[in-house]
There are 2 protein chains.
Amino acid sequence: MLEAAIGKMRGGGYKATPQRTAVLRALAEEQHQSLEEIRARCPGVGLVTVYRTLDLLGELGIVRRLDLGDGARYEMAEDHHHHAICESCGDISEFEKCPLDPTLLPLEASDFEVRSHSLEVYGRCAACR
Amino acid sequence: MLEAAIGKMRGGGYKATPQRTAVLRALAEEQHQSLEEIRARCPGVGLVTVYRTLDLLGELGIVRRLDLGDGARYEMAEDHHHHAICESCGDISEFEKCPLDPTLLPLEASDFEVRSHSLEVYGRCAACR
DNA sequence: TCTGTAATTGAAAGAATTTTTCAATTAGCG
DNA sequence: CGCTAATTGAAAAATTCTTTCAATTACAGA
């Protein structure tokens, strides 16, 4: 999985530096991390490099940036999924099954070409009820 | 509409100051404004007061904060709607018809109590195609 | 394997955004 | 109309992200 990402970098003409792979490894350890959480997992890498690597991985489609109300978070893009955010404890969980009904999308009719979408569900998780 | 919001403020024990109503009026003029756009519409109101008013209106459910990738934006909560964001020109349009199929939501089964959701659709608008 | 070079790194400075502090002002109750 | 707790805003601080630039390094080609 990391190999695939590293290949994508090299394929794009970018160097696979130790710093970049360290950030990648950090991202692979847990989803939805804040910048400081990522930084804590790759202590040797400078702040600026982390930012730049996240940008690069974002452009390559390897990483996605989230903004769920409490600042920026980052996750490996991997498979299509959505987020369920508990308003009580802040826990973020993922679900794969996409509840979007494409036939209900009125946008194509209005000449808007849909490329992607993101869906966030807010509520209370099992533990908090 | 502004009256309703002002009533909600007073009902919550908050004062309806000229600054707060000025921010409300600014918000009513256009959806998805950045902080500076809002500020430009109520020049007499101090920066801190704008931030605090947006917080307050958010707590009261009158205003919603968005984060669509280019920093914070604010909109009157009003009716349930979603956003279509053009990746080319950045234009944000709204659509009311919710394409969520509730029967596909697998969350209730996992004891997650859904309270609300937000859906953003990314792509290219008619003008940019 | 070695070398040259363009890409990359990171410290420091800067910019942008949001929050805190606190003294002065004011909305609205009685 | 006066009192008081809530509100305001200027200044300073905190936080978050970006730019700059000299030093370092990955890796393509010899």
Side-chain angles (χ1 to χ4, degrees), chain A residues 2-27 32-60 62-75 90, chain B residues 2-27 32-60 62-75 90:
Chain A
L2 292 189
E3 280 314 314
I6 290 172
K8 245 187 194 175
M9 282 206 295
R10 284 207 239 259
Y14 302 101
K15 294 180 178 175
T17 65
Q19 291 90 339
R20 283 172 178 169
T21 57
V23 172
L24 261 177
R25 237 179 288 115
L27 288 164
H32 330 122
Q33 292 182 81
S34 67
L35 188 95
E36 285 314 315
E37 286 167 338
I38 295 166
R39 288 238 297 151
R41 291 187 200 270
C42 46
V45 184
L47 170 68
V48 188
T49 298
V50 175
Y51 273 116
R52 282 190 289 219
T53 300
L54 291 170
D55 275 0
L56 174 63
L57 295 174
E59 277 168 30
L60 293 174
I62 297 167
V63 160
R64 199 180 299 135
R65 180 202 188 93
L66 306 175
D67 242 308
L68 303 176
D70 68 332
R73 294 187 167 273
Y74 301 85
E75 66 175 19
Chain B
L2 293 188
E3 280 314 314
I6 291 172
K8 244 186 195 176
M9 281 205 297
R10 283 207 238 260
Y14 301 100
K15 294 180 178 175
T17 65
Q19 291 91 339
R20 283 172 178 171
T21 58
V23 172
L24 261 177
R25 237 179 288 114
L27 288 164
H32 330 121
Q33 292 182 82
S34 67
L35 188 97
E36 284 314 315
E37 286 168 339
I38 295 165
R39 288 239 294 153
R41 290 187 201 271
C42 46
V45 184
L47 169 67
V48 188
T49 298
V50 175
Y51 273 114
R52 282 189 290 218
T53 301
L54 290 170
D55 274 1
L56 175 63
L57 296 174
E59 276 168 29
L60 293 173
I62 297 167
V63 161
R64 199 180 300 135
R65 180 202 189 94
L66 305 176
D67 243 307
L68 303 176
D70 69 332
R73 294 188 168 273
Y74 300 86
E75 65 176 19

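Residue numbering restarts at 1 for every chain, and letters A, B, ... go by the order of the sequence lines. FYI, side chains are in, hydrogens and waters are out, and symmetry mates aren't considered; it's all heavy atoms of this structure. Since the structure is predicted, the reported quantities are computational estimates derived from the model, not experimental observations.
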Boundaries of the DNA chain C segment in contact with chain B, non-hydrogen, under 4.0 Å
C:dT17 to C:dG28
For DNA chain D, which residues of residues 52-59 of chain A approach it to below 4.0 angstrom with any heavy atom?
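Those residues whose heavy atoms fall under 4.0 Å from DNA chain D, taken from residues 52-59 of chain A in numerical order, are A:R52.
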Table please: side-chain donor-acceptor pairs of residues 9-20 of chain A below 3.5 Å, with sequence neighbours left out.
| residue | atom | partner | partner atom | Å |
| --- | --- | --- | --- | --- |
| A:T17 | OG1 | A:R20 | N | 3.2 |
| A:R20 | NH1 | A:K15 | O | 2.8 |

Of the non-hydrogen atoms in [X] and [Y], which two are nearest, and what is the gap between them?
{"X": "B:I62", "Y": "B:A5", "value": "CD1-O, 3.7 Å"}
{"X": "B:L2", "Y": "B:L24", "value": "CD2-O, 3.9 Å"}
{"X": "B:K8", "Y": "B:L60", "value": "NZ-O, 3.7 Å"}

Nearest-Å distance, OH (A:Y51) to P (D:dT16)?
7 Å
Could you state the atom-to-atom distance from CZ of A:R20 to C1' of D:dT24 in whole Å?
14 Å
What residue pairs, at least two apart or across chains, pass side chain to side chain donor-acceptor pair (under 3.5 Å) with a residue in residues 41-52 of chain B?
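Listed by first then second residue: B:E29-B:R41, B:E30-B:R41, B:Q33-B:R41.
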Kindly calculate the angle separating the two end axes of the helix from C:dT1-D:dA30 to C:dG30-D:dC1, each obtained from five base pairs, and round it to 10 degrees.
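Taking the rotation axis at each end, their angle is 40°.
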Sorted by chain and residue number, the side chain to side chain contact (heavy atoms under 4.5 Å, CB included) partners of B:A72 (sequence neighbours excluded) come out as B:R65, B:Y74
Side chain to side chain donor-acceptor pair (under 3.5 Å) with B:D70: which residues, sequence neighbours excluded?
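By the side chain to side chain donor-acceptor pair (under 3.5 Å) rule, B:D70 matches B:R73.
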4.5 Å side-chain heavy-atom contact, B:V63 and B:V23:
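The answer is no, as the side chains (C-beta and beyond) never meet within the 4.5 Å cut-off.
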For DNA chain C, find the residues of residues 32-48 of chain B with a heavy-atom distance under 4.0 Å and give them by number; none if there aren't any.
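Of all residues in residues 32-48 of chain B, the ones placing a heavy atom under 4.0 Å from DNA chain C are B:L47, B:V48.
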For DNA chain C, find the residues of residues 10-19 of chain A with a heavy-atom distance under 4.0 Å and give them by number; none if there aren't any.
A:Y14, A:K15, A:T17, A:Q19
Excluding sequence neighbours, so at least two apart, what forms salt bridge (charged side-chain N to carboxylate O under 4.0 Å, His left out) with A:D55?
none
A:E36 meets the salt bridge (charged side-chain N to carboxylate O under 4.0 Å, His left out) criterion, sequence neighbours left out, with A:R39
